[in-house]
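For reference, the structure is listed below as structure tokens.
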Amino acid sequence: MREFDEKSITAAVIGRIAQSDDPRFKRIMTSLITHLHDFVREVKLTESEWITAIQFLTDVGQTCTDKRQEFILLSDTLGISVLVITLNNPADNGSAESTVQGPFYWEGAPELPLGSHLAEGVVGEPTFYSGRVLSVDGRPLENALLDIWSGDGEGNYDMQIPGETGMKARGRIRTDAAGRYWFRSIRPTFYPVPTDGPVGRMLRKMGRHPYRPGHIHMIVSAPGYLPVTTHLFVAGSEYLVSDAVFGVKESLVAQFDRHPPGLGPNGERVDTPFYTVNYDFRLRPASAAAPINAA
Ligand code: BEZ
Ligand code: FE
């Protein structure tokens, strides 16, 4: 028989994975066990705190459905998602930076012609988006795909609107021969991450607000290049400095220029004030993918 004390338990648990034949898994589990044990010792976790943590994680799991991923929200609000994304998608040579995907991506948005209005009938201030998709060395990428989604001008995604079953403010657009894209949508506003579950309770207990600054999401991809999951943030939006999921990167903050009612950039009549925004995305070649560190 072998007994363990509060120190020797760590090496004993790590010793039990010696036979694993997956070196990367072994590396991750060894580090995880070491950090978790150190954490328990450091804060001197009580039994009731440990049960509270187990109950919290149970609630997080039980809040997940096919439409809601509370574990990702937990990862997002603890800054883990952005940490993983930033480690794995270095913005080198001026490539577009990545940020969180969030829970409101809906695969299969309609592929629409250049210049389309993605947000027909959606509340919000009209906004004309344009720019180019380029390689990091400045070559225009024809037929690059922008898979775009956003909430409406009141901060609600289609999936969150009771009774709304169809896609709204979503679409896929491909660049022309000069790598250019343009489309119409609305100017997104700030909104809260879901707060009616355990992560919301955690944020309140931490004294934190749940808001994200105004942003539009896109996944930009092109054959032979690394896709980038990112946002354009509205310059001047509230919460840019305190995004609840830590997703803001300075390079992704875009100027939304306001115009009086009149003709839009593509010659269409707009009866209300409207905005234009121009942003170029640079993609890294697929050969630049980071190797997995098994050591
Ligand atoms: C979003 O931007 O859609 C989002 C990201 C993380 C958590 C919740 C929402
Ligand atoms: Fe969002």
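Residue numbers count from 1 along this sequence. Counting starts at 1 for both ligands and their atoms, in listed order.
Atoms of ligand 1 lying under 4.0 Å from at least one heavy atom of Leu73, given by number and element, are 7 (C), 8 (C). Under a 4.0 Å criterion applied to the non-hydrogen atoms of His217, ligand 1 contributes the atoms 1 (C), 2 (O), 3 (O). Near Val193, with a cut-off below 4.0 Å to any heavy atom, the atoms of ligand 1 are 7 (C), 8 (C). Heavy-atom proximity to Val245, at under 4.0 Å, picks out these atoms of ligand 1: 6 (C), 7 (C). Here is the list of ligand 1 atoms found below 4.0 Å of a heavy atom in Gly102: 4 (C), 5 (C), 6 (C). Atoms of ligand 1 found under 4.0 Å from any heavy atom of Arg212, numbered from 1 in the order shown, are 1 (C), 2 (O), 4 (C), 5 (C).
Counting non-hydrogen atoms of other residues, nucleotides and ligands closer than 6.0 Å to CH2 of Trp106 gives a total above 12. Within a 6.0 Å sphere centred on CZ of Phe71, other residues, nucleotides and ligands contribute more than 12 heavy atoms. Heavy atoms from other residues, nucleotides or ligands lying under 6.0 Å from CZ of Arg184 number more than 12.
Take the Fe ion (ligand 2) as the corner point: the lines to NE2 of His217 and to OH of Tyr191 open at 170°, to the nearest 10 degrees. The angle His215:NE2 - the Fe ion (ligand 2) - Tyr157:OH amounts to 110°, with values rounded to 10 degrees.
Of all protein heavy atoms, the one lying nearest to atom 6 (C) of ligand 1 is Asp76 OD2, 3.1 Å. For atom 9 (C) of ligand 1, the nearest non-hydrogen atom of the protein is Pro103 CD, 3.3 Å.
For ligand 1, none of its N or O atoms has an N or O atom of Gln101 under 3.5 Å away.
Under a 4.0 Å N-O distance rule, the pair Arg201/Asp59 qualifies as a salt bridge.
Considering Val234, Asp257, Thr127 as possible partners of Val277, the one that fulfils the side chain to side chain contact (heavy atoms under 4.5 Å, CB included) test is Thr127.
Within the 3.5 Å criterion, the main-chain N or O of Ala53 finds no donor-acceptor partner in the side chain of Gln55.
Of the candidates Trp149, Tyr191, Phe104, Phe246, Tyr191 brings a heavy atom nearest to atom 1 (C) of ligand 1.
Between Trp149 and Phe104, the ring centre distance reaches or exceeds 6.0 Å.
By the criterion of a heavy-atom distance under 4.0 Å, neither the backbone nor the side chain of Ile72 is placed next to ligand 1.
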* Asked: For His215 and Tyr191, what are the C-alpha separation, side-chain angles and deciding distance, and is it a ring-ring contact (aromatic ring centres under 6.0 Å, His included)?
  -> CA-CA 10 Å; His215 60 272; Tyr191 64 84; 5.3 Å; yes
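Between Pro126 and Pro273, the shortest heavy-atom contact is CD-O, 3.7 Å.
Using 4.0 Å as the threshold, His215 has a heavy atom nearer than that to some atom of ligand 1.
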